[in-house]
Amino acid sequence: MASSGLGTEIVGVVNKLQDVFTSIGSTGSSIDLPQICVLGSQSSGKSSVLENIVGRDFLPRGTGIVTRRPLVLQLINRPAGSNQANGVDKSSDKAANPDEWGEFLHLPNQKFHDFNKIRDEIVRDTEAKTGKNAGISPQPINLRIYSPNVLTLTLVDLPGLTKVPVGDQPRDIEKQIRDMLLKYISKPSCIVLAVTAANTDLANSDGLKMAREVDPDGTRTIGVLTKVDLMDKGTDVVDILAGRIIPLRLGYVPVVNRGQRDIETNKAISAALEAERDFFENHPSYKSKAQFCGTPFLARKLNMILMHHIRSTLPDIKARISSNLQKFNAELQSLGGALGEGNSGNIVLSVITEFCSEFRTTIDGNTNDLPLNELSGGARISFVFHELYNNGVRSIDPFDQVKDGDIRTILYNSSGSAPALFVGAAAFEVIVKQQIKRLEEPSLKCCQLVYDELIRILGQLLTKVQAFRRYPALRERFNASVVNFFKKSMTPTTKLVTDMVALACYINTTHPDFIGGHQATAMVTDRMNASKPPPPPVDPKNRGVNNNKDLDVEPKKDDGFFSSFFAKGQQTKKKGAAAMDAPPPTIRPQNALSDRETMETEVIILITTLLPPPHWVVWFPSTETLIHSYFNVVKREMIDMVPKAIMLTLVNFSKENLQRELLQELYKPEVLDDLLKESEYVVNRRKEVVSMVQALNKAEEIVAGV
């Protein structure tokens, strides 16, 4: 009796927890309570099994889906004579008595001694939630039955499995029911009571099939075989009971329910239980094991299973209640406490301080929640500087828009009417400045990319800081103020970057990294001579003064300054006559360059370009050796200085001055009340969290004494 009393107490604790969490709705599902769920098809006899366990008729009956909401049935053993009720109404229930009654959680302090009225209330409350079109709802009905004839036990009667919609049922009724059942039986704390008709093939049992999906080893599934008395003569379920067909750790229990005719003739359940006992005691296949068959044995077995299951899961229940209580208390504090009050000025000041601190730590990389699989915050800004901008500037080739012929033409045009002895400074500056101007676009693009990263950080912080969920108006004002601040900071940033490009247009040919004219000429000459075959050796005896050319009066065959502007045919003249032909209207250079033009083009390219160390010059493309020198000097300076300028006037400026800007914009008495209007979500969520905290506090009190 002591063990029975202890088991009743333990089951009673879980019953109280179920009531507590059911009263606040589905938010209590985070605490998985141990329970026994009844699973089976519509025609398997689930309702009859439950009524036999209770000993009274109280469940709705009919065709199609009768159980359309989960019914949490809490059976509580209460000794006879302990209830002092008087004047029990027996008009519709002749078996009504003061010792047996039912109570619904949604109708507190109202006792139903008439079990027919319990059935009517189940139908009424089901239709109130699901309507009359045979729809279903996952919201449970909690019914507690007190009786001296029951063992303390908690069962959840789930809707029966169906495959074909009937009448005006939803087309996806099968999926709806299946999803609801899986939600209950997939929890590890749930014991599955799979009801199957014994006169059908066990392998086709819908209940066992679904139980196997969530419990493949059969460790928390108990089988119930109904309609054993309707099996063909000479057949039995002995092999199933012995576990030779589909083994279950908790085994099978055969039962005999009332038939449809018995129900229609109002056969008493007590008489049906007596007939069940006689069937098993007198059947040749079951009489040797009759004590392990029938509804009374099933009730005792379920009571023991549930009691041991609750004992094993109770420590975990206590831990979950404690951890959930801490979690919801923390959320309640983030929502402003149970009353949602606080000083407006202090709240805004606190949010500004928290936001600016998070902004600085995100850029500096000092935050504690750094992502592991992607760059974030300041690291993305560094990526813009040292990868995107660096590679973008380096990829600019000064000769993808300036060709050798263009350089030659500029060289001649800059010489005017008097051909220069060497490369003119004007031609050099014209070519280099055109290329330097091309650096302005990627530099301004770099400013925009860093601005975009700051906006990205702003969006992350608006989501991270909890106060913005509570005050949507404050969030919007914050967002507008910070974006406006960034935009104002972009103006001096872009001006500084543009000025830096303009500064680079001042040509400084004394730069230490720039190759001088003498060195360039020597390098080009050496390279050109290296590409020519060596001259034949000269006999010293035949060598004269000035290399035997001191008396040479023949006209030199070296081409003139503008030689390549004319075809060879244009240069021929009659012997003894001067060539004074008028120049054509348009003078264009020819394709081929003379040796002298090649030298001058190479020199100007080299002078305007920064080359790597001199030993590499020999390998550089022949027509691109001069403009690279100075242009690479400028590119290196821009790659170094533009990120510094952006950090100075945009990023670091924002870190140092954003808090002051927000204080000036938001910390004003006339706008504080408007900023701190709570969203409807926060108000509703606070009510839910308060209810949850109250329920968890009550649950903690319930389990504290166990």
Does [X] reach the side chain of [Y], with side-chain heavy atoms less than 4.5 Å apart?
X      : Y      : result
Glu213 : Arg178 : yes
Asn52  : Leu298 : no
Thr463 : Phe468 : no
Ile310 : Pro34  : yes
Leu225 : Val253 : no
Ile222 : Ile305 : yes
Val690 : Val693 : no
Arg124 : Asp120 : no

Looking only at heavy atoms, what is the nearest atom pair of [X] and [Y], with distance?
X      : Y      : answer
Phe280 : Ala290 : O-CB, 3.8 Å
Phe58  : Leu50  : CE2-O, 4.5 Å
Val54  : Val150 : O-CG1, 3.5 Å
Ile36  : Leu193 : CG2-CB, 3.9 Å
Ala299 : Ile53  : CB-CG2, 4.3 Å
Leu250 : Thr219 : CG-O, 4.0 Å

Keeping [X] on the side-chain end and [Y] on the backbone end, is there a donor-acceptor pair under 3.5 Å?
X      : Y      : result
Arg69  : Gln139 : yes
Thr313 : His309 : yes
Glu103 : Lys111 : no
Asn97  : Asp99  : yes
Thr130 : Ile136 : no
Tyr286 : Val237 : yes
Ser322 : Ala319 : no
Asn303 : Thr152 : yes
Asn142 : Val72  : no
Arg212 : Gly218 : no

As an exercise, state the distance from [atom1] of [X] to [atom2] of [Y], rounded to the nearest 0.5 Å.
X      : Y      : atom1 : atom2 : value
Leu462 : Lys464 : CG    : NZ    : 12.5 Å
Met692 : Asn329 : CE    : CG    : 11.0 Å
Asp239 : Ile245 : CG    : CD1   : 5.0 Å
Asp229 : His283 : CG    : NE2   : 9.5 Å
Tyr252 : Thr196 : OH    : OG1   : 7.5 Å

Using a strict cut-off of less than 4.0 Å between a Lys/Arg side-chain nitrogen and an Asp/Glu carboxylate oxygen, indicate whether [X] and [Y] qualify as a salt bridge.
X      : Y      : result
Arg277 : Glu281 : yes
Asp316 : Arg320 : yes
Arg258 : Glu51  : yes
Glu100 : Arg56  : yes
Lys46  : Asp157 : yes

task: Might you work through the side chain to side chain contact (heavy atoms under 4.5 Å, CB included) test for Leu59 and Leu71, ending with a clear yes or no?
output: CA-CA 10 Å; Leu59 293 176; Leu71 176 65; 3.5 Å; yes
Test item: side-chain donor near acceptor, [X] and [Y], under 3.5 Å:
X      : Y      : answer
Thr221 : Asp215 : yes
Asp236 : Ser285 : yes
Asn15  : Thr154 : yes
Gln42  : Thr162 : yes
Asp232 : Asn199 : no
Gln35  : Ser189 : no
Asn116 : Arg119 : yes

Please check if atom [atom1] in [X] has more than 12 non-hydrogen atoms from other residues, nucleotides or ligands closer than 6.0 Å.
X      : atom1 : answer
Lys289 : NZ    : no
Arg261 : CZ    : no
Lys16  : NZ    : no
Lys698 : NZ    : no

query: What's the verdict on side chain to side chain contact (heavy atoms under 4.5 Å, CB included) for Ile122 and Asp125, showing C-alpha distance, side-chain angles and the deciding distance?
result: CA-CA 5 Å; Ile122 293 175; Asp125 196 50; over 6 Å; no
query: After noting the C-alpha distance and the side-chain angles of Tyr146 and Gln74, does the key distance pass the side chain to side chain contact (heavy atoms under 4.5 Å, CB included) rule?
result: CA-CA 9 Å; Tyr146 297 86; Gln74 300 174 352; over 6 Å; no
message: For a side chain to side chain contact (heavy atoms under 4.5 Å, CB included) check, start with the C-alpha distance between Glu700 and Leu325, then their side-chain angles and the critical distance, and finish with the verdict.
response: CA-CA 9 Å; Glu700 198 171 46; Leu325 188 57; 3.3 Å; yes
- prompt: Pick one: which of Leu208, Leu248, Leu39 meets side chain to side chain contact (heavy atoms under 4.5 Å, CB included) with Val192?
  reply: Leu39
- prompt: What about Phe112 and Phe104, are their ring centers closer than 6.0 Å?
  reply: yes
